[in-house]
Every structure is written in structure tokens, then in C-alpha cells.
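Computed from a predicted model, the values in this text were never measured in an experiment.
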Amino acid sequence: MKLIKAKDYEDLSKLAATYFIKKIQYSPAMTIGLATGSTPEGMYRYLVKDYKENHTSYRNITTFNLDEYIGLDGSNNNSYRFFMNNHLFNHIDIEKSNVHIPCGTSKDSLAECATYDQLIKEHGGIDLQLLGIGGNGHIGFNEPGSSFQSRTRIVELTDKTRRDNARFFNNPEEVPTEAITMGMGTILESKEILMLISGEGKREAARMLLSGNVNEDFPASALHKHANAIVIADEAALTDVPADLLKAYL
Ligand code: PGA
């Protein structure tokens with residue numbers, strides 16, 4: 001695992017966007033995995049800016065998002081489909097038919113999960129997967145204890161994750177209790193992974209990740225098993241990581 005240090009959130013967002021743009025320009029028909037949450041918002045802002053200024057095209061790009069709440073459809077402004085349309089897809093030339101996000105209102109969620117993994121396979125796998133990290137180390141909605149072999153599936157959200165995400169909802173009670181998430185095994189099959197870690201709230205998560213211990217109780221630690229994982233973290237997130245440990249990753 002390689003670590004790139006960013007000065008602050010803007011710097012991290014710019015670095016991540018530049019990384020994606022270069023890859024997309026080099027491989028304009030690649031398959032990318034995308035994430036929601038506060039962390040990637042800045043990167044998406046830079047992708048949209050670049051699209052407007054430099055016309056980097058997404059016409060032949062296929063995307064797969066990590067997760068979706070069960071019970072929310074795309075018109076609900078807390079659904080991850082709404083988030084992605086709002087922050088990225090409505091502002092670039094991507095074909096909506098090439099966009100994949102698990103359907104949170106499917107009548108058969110189990111079949112939805114199996115189909116999602118199958119579709120990723122049919123597209124030759126994910127070339128570059130973007131990840132955030134939860135305060136508890138979750139990736140996607142793979143909460144602590146998720147098997148590293150797990151596939152796309154229905155999961156129950158932990159109280160911590162529901163509390164963390166309550167800021168987006170009118171009322172904490174409205175945060176769904178279940179979601180569909182790409183599995184750990186599915187994520188780890190991506191050819192390349194780019195994780196973003198920003199801000200004081202992620203200090204403990206960054207410290208745990210960079211400690212190097214690999215454990216299913218801290219899902220993000222699976223990145224140590226991946227041959228091609230890059231973490232971009234800002235100074236605020238790295239405050240509690242001992243300097244000698246940091247050096248080992250730079
Ligand atoms: P955040 O969420 O970017 O809103 O902090 C990240 C995550 O929970 O994966």
C-alpha cells in the first residue's frame with residue numbers, strides 16, 4: 001500500500017481528481033468504481049470543473065457505485081443515486097445506461113446483489129475503485145466483521161454508521177437500517193484502489209489503517225492485501241500516525 005500525503009482537503013481533492021482524469025484520458029473506456037459521502041465531493045467538483053474546461057469525456061466510461069440504502073429510490077435526496085447525479089453524473093457526458101448503482105427499492109434485493117456482481121464481472125472487473133473510509137474502518141457499507149471474501153449483499157448498518165450519516169437526514173430516525181453494499185471480496189478484485197482519508201474525524205481510522213494490522217474487525221485493513229492500493233490522506237487525518245510509520249508508506 002502506498003500513501004500520498006495531501007496538505008488539506010482541497011489538495012487531496014485535486015490530487016485524487018488529477019489521478020482519475022489522467023487514467024480516464026489514457027483509457028477512455030475504463031470501468032470505474034465510485035463512492036459517496038462527504039470525502040469524494042471535492043474530487044467530483046474538480047472532475048466537473050475539468051469536464052467543463054478540458055472536455056475530458058466519460059462517454060465510454062462505465063461506473064459501479066459501492067452501495068445504496070435499502071428503501072430509498074433515486075428521487076430521494078438521501079439516496080446515493082441522487083447524490084451521484086447531483087455531484088457528478090448530471091454534469092458530465094456519461095451515458096446514464098453505463099451507470100450502475102445497486103437498486104435500494106428492488107422487489108428482490110437478493111437477486112439485485114447477485115446481478116450486480118455478475119454485471120461487474122461481465123464488464124471485465126473494475127479498473128479503478130475509489131473508496132472513502134468510515135470512522136469504524138468500514139468501506140462501502142462493509143461494517144466491522146465483514147468477511148474479506150464477502151460478495152455484494154444486504155447488510156445491516158451499525159449504530160455508529162447510522163449516527164455518522166444522520167447529518168444528511170432531517171431526523172436521525174429516517175436513516176435506513178439496511179443497505180446493499182459491494183462485498184469486500186468484490187472490492188478487492190478491483191485492479192486498482194484509491195482511498196481518500198480527510199479530516200480530524202478520521203484520525204483514529206487513519207492510525208488504525210496505517211498500523212498495518214490486517215483484521216476483519218477493521219475492514220479497510222484489507223487494503224494491505226491488495227497489490228495496487230493507494231491512499232491519499234491529508235495532514236489533519238494523519239496527525240496521530242507516528243512519523244516513522246508514515247515514512248514506511250511514502
Ligand atoms: P464520509 O464517509 O466521506 O462522509 O466521511 C466515508 C464512508 O463512510 O465511507
Does a side-chain N-to-carboxylate-O contact under 4.0 Å join Arg81 and Glu68? no
Only residue of Glu10, His91, His87 satisfying side-chain hydrogen bond (donor to acceptor under 3.5 Å, both in side chains) with Arg45 is Glu10
Would you say Gln118 has more than 12 foreign heavy atoms packed within less than 6.0 Å of its CD? yes
Using a strict 4.0 Å threshold on nitrogen-to-oxygen distance, state whether Arg151 and Asp117 make a salt bridge. yes
Could you report the tightest heavy-atom contact between Phe89 and Lys96, atom names first, then the distance? CB-CE, 3.7 Å
Asp93 versus Ser57, side-chain donor and acceptor atoms under 3.5 Å: yes
Rounding to 0.5 Å, atoms CD1 (Ile139) and CD (Gln129) come to a distance of 8.5 Å
Looking only at atom types and distance, does a side-chain atom of Thr115 sit under 3.5 Å from a main-chain N or O of Ala111, one as donor and one as acceptor? yes
Donor-acceptor under 3.5 Å (Thr239 side chain, Glu235 main chain): yes
Using side-chain contact (heavy atoms from CB on, under 4.5 Å), reason through Leu128 and Leu194 one step at a time and then give a plain yes or no. CA-CA 7 Å; Leu128 174 59; Leu194 181 67; 4.2 Å; yes
Side chains of Ser109 and Arg153, donor plus acceptor under 3.5 Å: no
Measure the shortest side-chain to side-chain distance between Asp73 and Phe82 over non-hydrogen atoms and say whether it is less than 4.5 angstrom. no
Between Ser38 and Phe168, is a side-chain contact (heavy atoms from CB on, under 4.5 Å) present by the stated rule, with each step listed? CA-CA 10 Å; Ser38 305; Phe168 300 110; 3.6 Å; yes
Between Arg162 and Glu174, is the closest basic N to carboxylate O distance under 4.0 Å? no
So, does Asp127 use its side chain to make a donor-acceptor pair with the main chain of Ile32 at under 3.5 Å? no
Would you indicate whether the side-chain heavy atoms of Leu130 and Phe20 approach each other to under 4.5 Å? yes
Residue pair Met84 / Tyr44, side-chain heavy-atom distance below 4.5 Å: yes
pair Glu112-Ile154: side-chain heavy atoms closer than 4.5 Å: no
So which heavy atom on Gly134 is nearest to which on Ala205, and how close? O-CB, 3.8 Å
If two hydrophobic side chains count as joined below 4.5 Å and joins carry through other members, does Tyr58 share a cluster with Tyr26? no
Any side-chain heavy-atom pair from Glu122 and Leu119 closer than 4.5 angstrom? yes
Please examine the side chains of Thr161 and Glu143, heavy atoms only from C-beta on, and report whether any two atoms are closer than 4.5 Å. yes
Glu192/Lys23 under salt bridge (charged side-chain N to carboxylate O under 4.0 Å, His left out): CA gap, chis, key distance, verdict: CA-CA 11 Å; Glu192 186 174 11; Lys23 292 272 177 179; 2.9 Å; yes
According to a hydrophobic-cluster definition based on side-chain heavy atoms being under 4.5 Å apart (Ile, Leu, Val, Met, Phe, Trp, Tyr only), do Met184 and Phe218 belong together? yes
Are Leu66 and Met195 joined in one hydrophobic group, where the rule is that I, L, V, M, F, W and Y side chains link up if heavy atoms are under 4.5 Å apart? yes
Given Thr63 and His100, is the side-chain contact (heavy atoms from CB on, under 4.5 Å) satisfied, shown in steps? CA-CA 6 Å; Thr63 65; His100 303 93; 5.5 Å; no
Verify the cluster assignment for Ile230 and Tyr249: are they in a single hydrophobic cluster under the rule of side-chain heavy atoms below 4.5 Å apart? no
Over 12 foreign heavy atoms within 6.0 Å of CD, Glu53: yes
Is any side-chain heavy atom of Thr62 closer than 4.5 Å to a side-chain heavy atom of Thr31? yes
Output the distance between atom CD1 (Ile94) and atom CG (Leu88), rounded to the nearest 0.5 Å. 7.0 Å
Of all heavy-atom pairs linking Thr39 and Tyr9, the shortest is O-OH, 2.8 Å
Considering all heavy atoms, the nearest His226-Asn228 contact: ND1-N, 2.9 Å
Step-by-step side-chain contact (heavy atoms from CB on, under 4.5 Å) determination, Ser190 to Phe64: CA-CA 11 Å; Ser190 308; Phe64 284 91; over 6 Å; no
Report the relative orientation of the aromatic rings in His138 and Phe141; use parallel for angles under 30°, tilted for 30 to 60°, perpendicular for over 60°. perpendicular
Say whether, by atom type as modelled, one donor and one acceptor occur between the side chain of Lys7 and the main chain of Asp234 under 3.5 angstrom. no
Rounded at 0.5 Å granularity, tell me how far CG in Leu12 sits from CG in Asp8. 8.5 Å
Looking only at atom types and distance, does a side-chain atom of Tyr46 sit under 3.5 Å from a main-chain N or O of Ala16, one as donor and one as acceptor? no
Hey, what do you get for NE2 (His55) to CG (Asp50), rounding to the nearest 0.5 Å? 9.5 Å
Would you please say whether a donor-acceptor pair under 3.5 Å links the side chains of Asn54 and Thr56? no
Ionic contact status for Arg163 with Asp159, cut-off 4.0 Å: no
Ser150 side chain vs Ser146 backbone, donor-acceptor pair below 3.5 Å: no
Count I, L, V, M, F, W, Y as connected when their side-chain heavy atoms are under 4.5 Å apart, and connections chain through other members. Are Ile21 and Leu196 then in the same cluster? yes
Hey, are the side chains of Glu189 and Ile126 touching, using non-hydrogen atoms and a 4.5 Å cut-off? no
Can you list everything that forms a salt bridge (charged side-chain N to carboxylate O under 4.0 Å, His left out) with Glu200? Sequence neighbours excluded, please. none
What's the spacing between Thr152 OG1 and Ile187 CD1 if we round to 0.5 Å? 8.0 Å
If every non-hydrogen atom of Pro144 is compared with every non-hydrogen atom of Asp217, which pair is closest and at what distance? CB-O, 3.2 Å
Would you check if there is a donor-acceptor pair between the side chains of Tyr69 and Asn165 at a distance under 3.5 Å? yes
For Met1 versus Val231, what's the shortest heavy-atom pair and its separation? SD-CG2, 3.8 Å
Flag, side chain of Ser27 to backbone of Met30, donor-acceptor distance under 3.5 Å: no
Just by distance, do the side chain of Gln149 and the backbone of Gly185 share a donor-acceptor pair under 3.5 Å? no
Under 3.5 Å, side chain of Ser106 to main-chain N/O of Asp108, donor-acceptor pair present? yes
Residues, nucleotides or ligands: over 12 heavy atoms within 6.0 Å of Lys2 NZ: no
Between CD1 on residue Ile70 and SG on residue Cys103, distance to nearest 0.5 Å: 9.5 Å
